[in-house]
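Take a look at the structure below.
Note that these values count all heavy atoms, side chains included, but never hydrogens, waters or copies made by symmetry. Residue numbers start at 1 and run along the sequence shown.
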Amino acid sequence: MLGKRRPQKERASKAVKAQSISIHSNLSAALPAFLRKENLHDRETGDAVGSLVTLLSNYREEGRRLFPEVFFFNDIANTLQTLPNSEQVVIGTGPKTSATLDVAMKRCAPLAQWGWSIYVMRTRTQFEYGLIRCGLTALSLTAFELLIEEGDESLPAIGIRHISQHEIEVSGACKNRLRIHFGRVRRSDDDPVLIGARFCRSIVTRVPSEVREQVHNFYRRILGGVLKSGHGCLAIVLRSRPGERRLPSKFRDGVVIEPPIDISKKVATLLKGNNCESDVRLRATAALIRGMLSSDGITVFGSDGSVRAYNVFIKNPIRATGNAPGSGGARHRAYASLCSWVGYDIDSAFFLSQDGQAEFLGS
């Protein structure tokens, strides 16, 4: 006969308390001090900016990722006077809440392209929002450069922009800055913007001095777009040898551009004539170069600012920068090989991963 089952003892249920961690909470804690330093602080603005940054971290319309640049002002009329050849399009107004900015992004983000940025003007009780742009040519200073990097502290302004797919920067005219990471946290010496600027400087070392700054800015803007694309890239600057124009044989397994694209000449032509045709040609060339950098393989530049080749592949890349076989992906292994040639065949090498990690080595 089977014995009777003993009644199972009820297990004492132990409540598990989960700890909630929010990037938005950390940002909200840092924003009040930042906005006070930028003379744009009130509770409503702090709440709205914090919600906006979170919204922009992965903003999409119709399934497409968008990267609008957003400015906050107190005085749009005087601000526009500091922007040469500026235009403004007022889209709407609403209460001073994050819900108003949600509507503003829905209406404005798809339009914030080709030099247009979103603006938000604060009043005592409302946000006015719309779009602004400035400049006439591809070489004109951008609104961010004029309002933030070279901004007037007497005209409070902050700019919000993507640095990469997973990183947003909030900067002010008073030279304060917040970086918000939605991926891995970077070290201070691991800033992709600064690393990219170093590579752009290596591209222009032999560019004539009268156009060097403009060519550097031209490439810096292109690389800024690539940083946000999320594709990753590899690029090098060839070591200059007097009288030699032929690519080294190890870099000929790709699309060689003959004759090379002479960016210095295109920039000089635009500066001299300042006409529509020259501007269109330079903008079209910028789109080409951005496409090259976003292609698989290596993009090859000359130190005179020229574009020499793209979609270049090297044979038998070394397996890693260290001794661990197989560490890193194919792009990083190729970068390790390129680094071993810096100072010989090439002046510099640049690596960008899909998640925005950047590396640079120059001779």
Side-chain angles (χ1 to χ4, degrees), residues 24 27-28 31-32 34-62 64-135 141-149 151-163 168-174 176-178 180 228:
H24 181 73
L27 176 61
S28 297
L31 272 173
F34 172 85
L35 292 172
R36 278 192 202 93
K37 293 175 184 176
E38 294 295 334
N39 301 312
L40 284 166
H41 175 66
D42 58 37
R43 182 181 58 79
E44 295 88 351
T45 301
D47 291 344
V49 171
S51 296
L52 177 62
V53 169
T54 304
L55 178 67
L56 291 176
S57 65
N58 190 27
Y59 192 81
R60 296 176 183 273
E61 287 287 352
E62 303 295 333
R64 183 167 62 99
R65 185 84 185 269
L66 300 178
F67 302 94
E69 192 173 70
V70 185
F71 294 100
F72 279 75
F73 311 124
N74 285 335
D75 182 348
I76 188 68
N78 285 324
T79 298
L80 288 176
Q81 289 181 10
T82 68
L83 301 177
N85 303 295
S86 60
E87 294 181 77
Q88 174 193 12
V89 179
V90 180
I91 300 296
T93 60
K96 212 170 177 181
T97 64
S98 57
T100 296
L101 296 190
D102 290 349
V103 174
M105 292 305 106
K106 187 76 174 176
R107 293 177 175 176
C108 297
L111 309 180
Q113 304 179 66
W114 301 100
W116 289 97
S117 301
I118 300 171
Y119 81 86
V120 179
M121 185 181 71
R122 309 179 331 141
T123 68
R124 189 174 63 84
T125 60
Q126 287 192 317
F127 285 140
E128 175 190 292
Y129 57 87
L131 296 131
I132 59 169
R133 64 166 299 280
C134 66
L141 291 176
T142 65
F144 193 91
E145 289 166 335
L146 289 166
L147 295 176
I148 304 301
E149 294 179 358
D152 183 349
E153 295 186 13
S154 66
L155 285 173
I158 64 169
I160 303 171
R161 62 174 181 171
H162 279 83
I163 297 301
I168 289 177
E169 179 183 89
V170 186
S171 306
C174 295
N176 299 290
R177 181 182 300 175
L178 290 175
I180 303 97
K228 290 184 285 192

Any donor-acceptor pair under 3.5 Å linking the side chain of [X] with the backbone of [Y]?
{"X": "Arg64", "Y": "Leu66", "value": "no"}
{"X": "Thr82", "Y": "Thr79", "value": "yes"}
{"X": "Glu38", "Y": "Cys174", "value": "yes"}
{"X": "Lys96", "Y": "Thr123", "value": "yes"}
{"X": "Ser86", "Y": "Leu80", "value": "yes"}

Can you name the closest pair of heavy atoms from [X] and [Y] and give their distance?
{"X": "Thr100", "Y": "Pro95", "result": "OG1-O, 2.5 Å"}
{"X": "Pro68", "Y": "Ala112", "result": "CB-CB, 3.9 Å"}
{"X": "Leu27", "Y": "Ile180", "result": "CD1-CG1, 3.8 Å"}
{"X": "Asn176", "Y": "Lys37", "result": "ND2-CB, 3.3 Å"}
{"X": "Leu131", "Y": "Cys108", "result": "CD2-O, 3.9 Å"}
{"X": "Phe67", "Y": "Lys228", "result": "CZ-O, 3.2 Å"}

Got a second to check how far [X]'s [atom1] is from [Y]'s [atom2], nearest 0.5 Å?
{"X": "Phe72", "Y": "Leu40", "atom1": "CZ", "atom2": "CG", "answer": "9.0 Å"}
{"X": "Glu169", "Y": "Glu69", "atom1": "CD", "atom2": "CD", "answer": "10.0 Å"}
{"X": "Met105", "Y": "Ser51", "atom1": "CE", "atom2": "OG", "answer": "12.0 Å"}
{"X": "Glu87", "Y": "Trp116", "atom1": "CD", "atom2": "CH2", "answer": "4.5 Å"}
{"X": "Leu111", "Y": "Arg133", "atom1": "CG", "atom2": "CZ", "answer": "14.0 Å"}
{"X": "Ile158", "Y": "Leu178", "atom1": "CD1", "atom2": "CG", "answer": "9.0 Å"}

Output, in order, the C-alpha distance, side-chain angles, deciding distance and verdict of side chain to side chain contact (heavy atoms under 4.5 Å, CB included) for Tyr119 and Val89.
-> CA-CA 10 Å; Tyr119 81 86; Val89 179; over 6 Å; no

Is any side-chain heavy atom of [X] closer than 4.5 Å to a side-chain heavy atom of [Y]?
{"X": "Met121", "Y": "Gln88", "value": "no"}
{"X": "Ile132", "Y": "Phe73", "value": "yes"}
{"X": "Glu61", "Y": "Lys106", "value": "yes"}
{"X": "Phe127", "Y": "Arg122", "value": "yes"}
{"X": "Asn58", "Y": "Arg65", "value": "yes"}

Name of the residue among Val103, Val70, Thr93 meeting side chain to side chain contact (heavy atoms under 4.5 Å, CB included) with Tyr129 =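 For Tyr129, the side chain to side chain contact (heavy atoms under 4.5 Å, CB included) test succeeds with only one of Val103, Val70, Thr93, which is Val103.
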
Cation-pi check, Arg161 to Phe144: give yes when NZ or CZ is under 6.0 Å from the six-membered ring centre and within 45° of the ring axis, no otherwise.
->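 Judged by the rule, Arg161 and Phe144 form a cation-pi pair.
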
